[in-house]
Student: 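Have a look at the structure that comes next, please.
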Protein chains: 2
Amino acid sequence: MSASKKTILIEKALETYYTGGFQAVGMDRLAKETGISKTSMYKHFRTKEDLILEVLNLRDENFRNWFVRRIDELASSPVERLTAIFDVLGEWFHEDGFLSCMFIRASSEYPNSDHPIHMSSAKHKRLLLTYVIGLAEQAGVPDPGQLARQLMLLKEGAIVIAHLHGPDGVATHAKQAAEVLINNALGRS
Amino acid sequence: MSASKKTILIEKALETYYTGGFQAVGMDRLAKETGISKTSMYKHFRTKEDLILEVLNLRDENFRNWFVRRIDELASSPVERLTAIFDVLGEWFHEDGFLSCMFIRASSEYPNSDHPIHMSSAKHKRLLLTYVIGLAEQAGVPDPGQLARQLMLLKEGAIVIAHLHGPDGVATHAKQAAEVLINNALGRS
DNA sequence: TTAAACATTGACAGATCGGTAAGTTATTGT
DNA sequence: ACAATAACTTACCGATCTGTCAATGTTTAA
């Protein structure tokens, strides 16, 4: 299997897993959808779990790149970037085919914290937290870790509610709450 | 199968599904763990999905009863009840065997919004929202719906983060954010 | 006592699961 | 040109999945 075919497989698996779930999508189905035989797939991935881990790595890369880029496009000051988080979330929630966050879904299917898939999901959230801490630092708040963790709670909660109750208004509510928290962190200005 | 055996089955299924996941736990395993034959189980539940839906009903009842009761035990004023939400969450997160919220897990395994299991999960969250709106009304805020939705975002986010990054500090961060939002809703007092 | 009604069982169907063995085709280096 | 090798496929393995069937106990009622 060429490297490009491997990439194609991972990309197709990302799409199919996101739509159908990790456990519900079998290797046979991926073989059928990609036209690549199972044996070829298993030449490059020792187990299904290995494939899922590579899919999650790609998703992490794609998502964080898109997320940061959109925030930079929408905002021009550090404080604006903090609120833009929720505008970008709103765009995501309203995309056709939005079905929650792949890492929340993954950690729900593999709930035990010592499972590699769970750990990979935790890592993704930690990387996002680090990014938001950086934004909070640039905004000059006294305790960037605290504000960033608060905004992350709003972000994850918004994802869950947008998935369960639909996208309308969720990101807006989260943004309004975020503005209150940001102003408070900046000294109630 | 007597009614009590049916109850025992649902309770055991709740425990096993919560620990192991819905798709990962098969009917054979439930039969082995309860000592009830599969055929007997299928006399009372037409499909596995029906069993899961009854499990979710029981979980919804158990959880909301416990949640409301603990809040009432910890708080004596309406505003206190709003913040006590997060004290109770902290207790939950630190329980042995905490593995996120059963309904977030369920909606992650059955992500399509028209799926009965997904709809049941959405209903649970809606009932909780209604409860929090009631608390916010009693607290006398001008827009109880807005505050309640903001606090729900913190709650769901806290569940996700406590599951992925461990329980320490998560409920406390959420409570601090909640206090800011509550004070703001009350008029920045 | 005995027959009807119900409860329960082990064994099985058919499908699908993750994963593999053996064999075939295509590519490569010399 | 040709042997070595890498890429790839078909067919299959045992296990497990949801769900069912025929047979056997067990209760109930007249």
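A quick note: this is a predicted structure, and the numbers were derived from the prediction, not measured. Just so it is clear: chains get the letters A, B, ... in the order the sequence lines come, proteins before strands, and each one is counted from 1.
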Student: Is there a side-chain polar atom (N or O) of A/Ser40 under 4.0 Å from OP1 or OP2 of D/dT9?
Tutor: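 Yes, because at least one side-chain N or O of A/Ser40 sits under 4.0 Å from OP1 or OP2 of D/dT9.
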
Student: Between C/dT9, C/dG19, D/dT20, spot the one nearest the side chain of B/Lys38, thanks.
Tutor: D/dT20

Student: Please state how far atom NE2 in B/His44 lies from atom P in C/dT9, giving the value in whole angstrom units.
Tutor: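 Going from NE2 in B/His44 over to P in C/dT9 covers 12 Å.
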
Student: Measure NZ/B/Lys48 against C1'/D/dC17 and give the value in whole Å, please.
Tutor: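 Between C1' of D/dC17 and NZ of B/Lys48: 8 Å.
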
Student: Whole angstrom is fine here: how far is it from CZ in A/Phe45 over to C1' in C/dG19?
Tutor: 15 Å

Student: Knowing that exactly one of B/Gln150, B/Gln146, B/Arg149 qualifies, which makes a side chain to side chain donor-acceptor pair (under 3.5 Å) with A/Gln176?
Tutor: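 Answer to the side chain to side chain donor-acceptor pair (under 3.5 Å) test with A/Gln176 among B/Gln150, B/Gln146, B/Arg149: B/Gln146.
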
Student: Let me know, please, whether A/Lys43 or B/Asp28 comes out on the 5' side of the other along DNA chain D by nearest nucleotide.
Tutor: A/Lys43

Student: For B/Gly35 and A/Met27, take the nucleotide of DNA chain C holding the closest heavy atom to each; which residue's nucleotide lies nearer the 5' end?
Tutor: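 Counting from the 5' end, the first nearest nucleotide belongs to B/Gly35.
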
Student: For B/Ile36 and D/dG25, what is the distance between atoms CD1 and C1' respectively, to the nearest whole Å?
Tutor: 17 Å

Student: Starting at CG of A/Asp50 and ending at P of C/dG18, how long is that distance when rounded to a whole Å?
Tutor: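 After rounding, the reported distance stands at 14 Å.
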
Student: Send over the distance from A/Arg29 CZ to C/dC17 C1', rounded to a whole Å.
Tutor: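 So the CZ-C1' distance, A/Arg29 to C/dC17, works out to 14 Å.
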
Student: Do A/Glu80 and A/Ser76 have side-chain atoms, one donor and one acceptor, less than 3.5 Å apart?
Tutor: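 The criterion, which ignores hydrogens and geometry beyond distance, is satisfied for A/Ser76 and A/Glu80.
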
Student: Please confirm whether any donor atom in the side chain of B/Thr39 sits under 3.5 Å from an acceptor in the base of C/dG10, or the reverse.
Tutor: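 Between C/dG10 and B/Thr39, which were checked side chain against base, a qualifying N/O pair under 3.5 Å is present.
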
Student: Is the cationic atom of B/Arg105 (NZ for Lys, CZ for Arg) positioned less than 6.0 Å from the six-membered ring centroid of B/Tyr18 and within 45 degrees of its normal?
Tutor: yes

Student: Return the value, rounded to whole Å, for the distance between atom CZ of A/Phe22 and atom P of C/dG18.
Tutor: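 Value for this atom pair: 13 Å.
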
Student: Any donor-acceptor pair under 3.5 Å linking the side-chain atoms of A/Ser40 with those of A/Ser37?
Tutor: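 Yes.
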
Student: How close or far is atom P of C/dG18 from atom CD of A/Glu49, stated in whole angstroms?
Tutor: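 Checked: the CD to P distance equals 12 Å.
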
